[in-house]
Amino acid sequence: MTVVATWNVNSIRARLAHLTEWLAHSTPDLVGLQETKVQDHEFPVAELAALGYHCVYSGQKSYNGVAVLARQPSTPIATAIPGFADEQKRVLAVDCGELALVNLYVPNGYEVGSDKYAYKLAWLDALADWLATLLQRHPNLVVIGDFNIAPDDRDVHDPEAWRGKILCSDAERERLARLTALGLADVFRRFEQPPATFSWWDYRAAGFRRNLGLRIDLILASPGLGARAETCTIDLTPRRWDKPSDHAPVIARFGAA
DNA sequence: ATGGTGGCGCGGCCA
């Protein structure tokens, strides 16, 4: 059995105590982190090694930054989308032997029609092309991370208020559907789920207390791997802790091959 | 309420 998790920690420095507490209780085998916000020489390797995790990381100062924690050593495959020039550290792919994992921090996009939105769509276009080729080499592929896209209205606390807005626009959802068309299915939706289950809540306006959330953190799996999925849940526990990340971790459990 | 909060790093950007 393999437990895979994704968590946007919104600064690994600010959240290290939350992360170590959560790892100790959840004991996932593979974890993709986003928004680590540290340069590689500052990554807390020793603290995570003490919990039994090998770290692969690709970070920068202040913004973005991704990492993969694994109980077994893994081999880096990519730290960027091949052929897509990008200063921002948003991609980390590793080969774990039994599966390959792509950890993503998809651009937020700011506002529909903005320059950042155009960058997000171009980034997603390049991502789809890359994942199509990667799937040929790695049939057991899991693509996880902060997608900054709510797949459909069930993933939005107020679908009418959010319709056409950033994180919910048709063009963003269409880009996500391209990944689904490659065979990369949203593992969360393989299972019956409680309504109004979200993974991100704005810090402002008491969003979490009122459950004004979106489900934008996803675990996508290739067909062979998806068929082995046993559960997929969102762990609200660390979002309730003092000074939390604005995102909750998503966890998928895969049975033996 | 066109705001609100939080991280980084020390003014303003990003989410």
Side-chain angles (χ1 to χ4, degrees), chain A residues 6-22 31-44 47-48 57-67 80 85-92 103-124 127 144-151 155-158 160-169 171-173 175-176 198-218 234 236-250:
Chain A
T6 179
W7 193 7
N8 181 325
V9 291
N10 186 18
S11 170
I12 197 166
R13 269 194 300 246
R15 223 65 64 200
L16 187 57
H18 283 201
L19 177 61
T20 55
E21 176 79 8
W22 183 77
V31 186
L33 302 176
Q34 304 87 35
E35 286 203 87
T36 54
K37 298 186 176 181
V38 292
Q39 298 175 84
D40 290 346
H41 66 85
E42 298 174 299
F43 198 86
E47 290 87 339
L48 295 166
Y57 36 88
S58 178
Q60 64 183 92
K61 191 198 280 273
S62 303
Y63 302 114
N64 310 309
V66 283
D86 195 352
E87 298 296 308
Q88 302 183 26
K89 304 299 189 187
R90 299 180 173 278
V91 173
L92 187 54
N103 180 35
L104 302 174
Y105 176 45
V106 175
N108 172 279
Y110 177 53
E111 194 173 78
V112 173
S114 67
D115 289 349
K116 290 189 175 81
Y117 183 72
Y119 162 68
K120 180 179 194 174
L121 296 183
W123 195 97
L124 289 165
L127 175 68
I144 71 177
D146 177 357
F147 282 73
N148 269 316
I149 303 171
D155 305 309
V156 182
H157 69 92
D158 185 344
E160 294 316 316
W162 280 83
R163 193 164 311 287
K165 300 282 193 347
I166 196 65
L167 314 183
C168 298
S169 72
E172 291 166 86
R173 287 175 169 173
R175 296 312 192 279
L176 184 61
F198 307 123
S199 66
W200 169 81
W201 304 260
D202 200 308
Y203 284 124
R204 297 166 290 190
F208 182 66
R209 183 178 57 75
R210 301 194 286 158
N211 198 30
L212 306 181
L214 302 179
R215 190 177 68 92
I216 57 178
D217 300 273
L218 309 177
I234 299 176
L236 301 183
T237 308
R239 189 64 177 78
R240 299 188 178 105
W241 293 342
D242 189 45
K243 295 201 177 295
S245 169
D246 46 350
H247 294 252
V250 184

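In what follows, chains carry the letters A, B, and so on, assigned in the order in which the sequence lines appear, proteins first and then strands, with residues in each chain numbered from 1. Excluded from the calculations below are hydrogen atoms, water molecules and symmetry mates; all remaining heavy atoms, backbone and side chain alike, are included.
A:R90 comes within contact range of the sugar-phosphate backbone alone, with a heavy-atom separation under 4.0 Å but no base atom that close.
Rounding to whole angstrom units, CZ of residue A:F147 and P of B:dA15 are separated by 17 Å. Following rounding to the nearest Å, A:D246 (CG) and B:dA15 (P) show an atom-to-atom distance of 12 Å. In this structure, CD of A:E111 is placed 13 Å from C1' of B:dA15, rounded to the nearest angstrom. For the pair A:K116 NZ and B:dA15 C1', the interatomic distance rounds to 10 Å; values are reported in whole Å. Counting to the nearest Å, the P atom of B:dC14 and the CD1 atom of A:I166 are 14 Å from each other. Between A:Y105 atom OH and B:dC14 atom P the separation is 11 Å, expressed in whole Å. At whole-Å resolution of the value, CG in A:N8 and C1' in B:dC14 are 12 Å apart.
In this structure, A:K120 contributes its side chain and A:N148 its backbone to a donor-acceptor pair below 3.5 Å. Here the side chain of A:T20 pairs no donor or acceptor atom with the backbone of A:L48 at under 3.5 angstrom. Formation of a donor-acceptor pair under 3.5 Å by the A:R215 side chain with backbone atoms of A:V156 is not found in this model. Between the side chain of A:Q60 and the backbone N or O of A:K89 there is at least one donor-acceptor pair closer than 3.5 Å.
A:F43 and A:Y57 have parallel rings, their planes meeting at less than 30° on a 0 to 90° scale where 60° marks the start of perpendicular.
Ring-centre distance between A:W22 and A:W7: below the 6.0 Å cut-off.
Separation of the P atoms belonging to B:dC14 and B:dG9 is 14 Å when rounded to the nearest angstrom. Straight-line distance between the C1' atoms of B:dA1 and B:dG12: roughly 23 Å, to the nearest whole Å. Distance noted for atom P between B:dC13 and B:dG3: 15 Å (whole Å).
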Base contacts versus sugar-phosphate-only contacts with protein, heavy atoms under 4.0 Å: please encode nucleotides 2-12 of chain B as B, S and - from 5' to 3'.
--BBSBSS---
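Using modelled atom types, one finds a donor on one side chain and an acceptor on the other under 3.5 Å when comparing A:W123 with A:D86.
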